[in-house]
Each structure stands twice: as C-alpha cells, then as structure tokens.
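Order of the sequence lines sets the chain letters (A, B, ...), proteins ahead of strands, with each chain counted from 1.
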2 protein chains.
Amino acid sequence: MQGYDKYAYEPFAVTVDLAVFTIREGRLHVLLVERGEQPYAGRRALPGGFVRPDEAAEAAARRELAEETGLADVAGLHLEQLRTYSEPDRDPRMRIVSVAFTALVPDAPEAQAGSDAARADWLPYGEHRPSYAPLAFDHDRILADAHERVGAKLEYTGLATAFCPPEFTLGELRQVYQAVWGAELDPANFRRKVLATPGLVEAVPGAARLTGGRGKPAALYRAGDAAALHPPLLRPEGRP
Amino acid sequence: MQGYDKYAYEPFAVTVDLAVFTIREGRLHVLLVERGEQPYAGRRALPGGFVRPDEAAEAAARRELAEETGLADVAGLHLEQLRTYSEPDRDPRMRIVSVAFTALVPDAPEAQAGSDAARADWLPYGEHRPSYAPLAFDHDRILADAHERVGAKLEYTGLATAFCPPEFTLGELRQVYQAVWGAELDPANFRRKVLATPGLVEAVPGAARLTGGRGKPAALYRAGDAAALHPPLLRPEGRP
DNA sequence: CTCTTTAATGGTCTTAACGACTATAAAGAG
DNA sequence: CTCTTTATAGTCGTTAAGACCATTAAAGAG
C-alpha cells in the first residue's frame, strides 16, 4: 500500500463487461454485441466499456446497461458484480482489467447497438454463437461463469423474480427456473414449494391472467422481500 | 471497447486486498496488518499490495499471501476472488481499484510483517479491532463481505476442509463450522450429515488421534473431492 | 353446443433428511 | 476404581421433497 506514485507503473485500463440475461418465450437469452473494430472485428462479444475516472464500476455497468438495452428504468434492474478478470494477456493490445457484471432483465425490448458496437441482439443462450466463432476476448468464460452463478443463486435466493415483470404467475416464475437450469419442474410441486417459502412471493388478491392464451387463468403474484431462501430450492440433478 | 489510447484516461492503480482466515483454538481468526504510513497510519488493515504490470490479480494475491503468512506451501491454500471495490473515493490520494480475495489457511504459524506493514497479527474475528478504530479504507466492509461469503459457502461446498490439515477429525471439522457460523452444532447429527454427503470427506483407514487431550480418540479423515454438496449443510438459523 | 386441449390448482403417498435426544465406547484425571 | 470428556451409534417424530393423480377453468375445433 506504499508507493503512491500514480505513474510508477504502467497504467491499467479498467472496463466493465456485462452478461445480460432475459427470458424470451420460455428460453434464456443473452445480450451480445457484434464488434465493429479490431481485434475480433465481426465477432460477438459481451457489451461493456471503459470505467470513467470519476465513477465506480457499478455505475459504469449500469450506464452501459442503459445504453445497450435501451431501457429507461434501469435503476430497478438487478445488476450484480460477477468477478474481475485480470490476466495480463486477455486483451492483445494493452493491460485491461475488466470487472464483469451479471444483469437480469424482465421484459425484453429490442436491443440497441451502443456507440462502440456494430449491432446488439438478444440470442438464445446455448445457441448464441457458432462453434467455430468463439466470443471475443475471454467472454466465453465470463458468460459461462455468469450462467453458473445465476443458476446457483436461483437455488438459495429470490433472484428469479428479477426476470419477471412486477406481477407474474407461478407458471412464469417456473419458466425462469426451467430456462436457466435447463430442466423440467413439476408444476404442482413447484407451486407448493414456492408458496411454502416465506418471503419469496406474495399474492395479488383477486388478480388473474391467461398466460399462453390457453388453459386456466393463473393467479398473480409480486416479488417478496426475502433475500435468502430457507430451505433452498435445489436443482434436480446436483450441479450440471 | 474502442479508444485504446492508454493515456486517454487518468490511470487506475490496481491492488489486491486479502481477507485471510484461520481457525485457532476453535475460534475464527483474521490476519491484519498495522499500517506504518499515511493515510490511516497506525490503523489496522487487510494485507495487500499493488498488482504488477505483468501478473494477474490472482498471482498478486498469492504472492502477498506468501509474504504475509510466511508459509512456504502457499500453492495449495484456498484463495478465491471475493469482489472488486472501485468507489472513486475509497482511497483519499488517487484512484485505486482493489480486487479483494478470501484465503483460508489451515495451520496458523505466526504472521510476518510484509514490506509495507509495521506488523501483522492473527486476531480473533469479532474482536479484531476496537470500536473506536475502524479498519483503514473500506476494509471493514471487505472483511464483512468475506466473512459472509465464507459462511455461505460452507453451506453448499466442501470449503470447510480448506481450514483443516491434510488429516483431520470430524470434531475439528465441526469446529470450523462452529467458528465461522458462531453457532453450536450437535456432534452426532453433524457426523451423520457429513458422512452421508458423498465426496465431502473420506476415511483414513485405521488412523485415530486424540483431539483435545481428553476423550475417546477420533478417526481421521481426508478432504473429499466434491465441489458442491447435495443436499447442502445449512446453517441453523437462516442467515444471520 | 359438446368435446378436446391446455395449464393451473389441489391433493395423496412414499421416502429422505433433519433436529432432539439417549446410549455406549474409549481415553485421561483424580 | 470413578468421574469427566469426547467420539460414535442409534431412535423417534417432524418436515420437506419427488412422483403421481384429480379437478378446475379457460380456449379452440367440430
């Protein structure tokens, strides 16, 4: 902690990278941009950008999230630090330390290409890139880490509601779990479990909605205030 | 991701801070240094230091861990990234982004004062600072985050064995949980639960050892290879 | 209209896991 | 020897989870 000469070392650049997930048609989607410049021009990458000299990484991430998703109410979205990637050779041109974030978006409007990207799209997770075209930089690893983190946090937190609009049905909430985990869940058992977990959801009295156009209308719920679930809602087959 | 002019922005300095825990006499201890320089001279702080231009944050953290603990076999110790702290005013002198790590040390030899610290000591967590002398910088928050993370990971990973020597008794393993969680656990139930969890521990055939000088000698176990525990070993009272 | 399809909802049954508790075994202290 | 301490084994009742079945309320086909 000594030696505070700010030019004693080669300067580090600090960026943020975002793994932004949403649920579309019951499937997990991720927001990717197409790079317009070298290196990795034409390749897909996670949205992100430089941290400005006077802002925290969290603020930079939320700013980028607003730019790329085109959403107005970015303040309420779930944004969480994932980890920091700092391998010296992760960017071929200079030393860049990247603080990665995971964001969960309930509704999925069309993406906006940020200033630095040729385009931005929501792509189904798992089919978001051809096998011959990995994501730019170490973004494949970041995205995999983010997916694993989200899957794990669904088990013991109320995070799943971050994917949902303010009012949602239990079927929609179940689709969140199924899309992230890639597993089928029994509707009746899921319902029993969710309602038995205090603070996960709270009922909206008298409200109901048709979900897929067919079937019995489902009651509506709001997100509860519980941060941690006890007991947790475990994935069917251990960790995949 | 454009604008790769490395002098376009005010340079960031990147440091690592370490929350190093161990178990001593059944109690959780944390490694703290006493700062020798301004700011916060004389205050306690987490050990840490600058990331060098050619190393990753993980390498810097392991290097600092070796320096401060004086341990030789630092390669096998559990070292895990916690999160990155990047508030612009977290250091009064310049913009410093710190990548925080959590380390778990089994045995606890006396600490070594690093080059930048006046002294280094293992202190019982919870009594590691007087109420009128907070840790330097935002280290109180980092340490609290690290403690919470370790407590949570004990529930669903085999992390507790990282606190133990290569061979340990179930009583010693139970003391790890008790020290971190600050809760009493029933020895018989704990034993049943640990042995029923595949991959947590494996028995060392025929080996036994007296633990506290009294009582029946306990069988010895080695750490298993399970990364995740299913089902998890939950804390008694939800999240404290 | 009736029948089929679909999804929500309500319930049962069996098994696994957990907490509280009791009992026994093996060591040292006196 | 007895007493204390810790490890280990087992029991009992409650709770939670998975598999499965039944009912309900809507839309659409005919």
* Structure fact -> Mate of D:dC21 across any strand shown (Watson-Crick or G-U wobble, both atom pairs under 3.5 Å) is C:dG10
* **Any strand: nucleotide that pairs with C:dA27 via Watson-Crick or wobble, under 3.5 Å** => D:dT4
* Just by protein heavy atoms under 4.0 Å, how would nucleotides 1-11 of chain C read 5' to 3' in B, S and -? -> -----BBBBBB
* Under 30°, 30 to 60°, or over 60°: which ring-plane class applies to A:Y125 and A:F21, parallel, tilted or perpendicular? -> perpendicular
* **For B:Y177, ring-ring contact (aromatic ring centres under 6.0 Å, His included) partners two or more places apart** => B:W181, B:F190
* How would you list, by chain and number, every residue that makes a side chain to side chain donor-acceptor pair (under 3.5 Å) with A:E25, sequence neighbours excluded? -> none
* Asked: Who passes side chain to side chain donor-acceptor pair (under 3.5 Å) against B:E127, sequence neighbours left out?
  -> B:R27
[X] [atom1] - [N] [atom2] separation (whole Å):
X: B:L210; N: C:dA26; atom1: CG; atom2: C1'; result: 9 Å
X: A:F190; N: D:dA19; atom1: CZ; atom2: C1'; result: 17 Å
X: B:K193; N: D:dA7; atom1: NZ; atom2: C1'; result: 20 Å
X: A:L234; N: D:dT15; atom1: CG; atom2: P; result: 19 Å
X: B:R235; N: C:dG19; atom1: CZ; atom2: C1'; result: 18 Å
X: A:L229; N: D:dA16; atom1: CG; atom2: P; result: 14 Å
X: B:H230; N: C:dA17; atom1: NE2; atom2: C1'; result: 15 Å

* Structure fact -> The side chain to side chain contact (heavy atoms under 4.5 Å, CB included) partners of A:P198 (sequence neighbours excluded) come to none
* Listed by chain and number, what are the salt bridge (Lys or Arg N to Asp or Glu O under 4.0 Å) partners of B:R191, not counting sequence neighbours? -> none
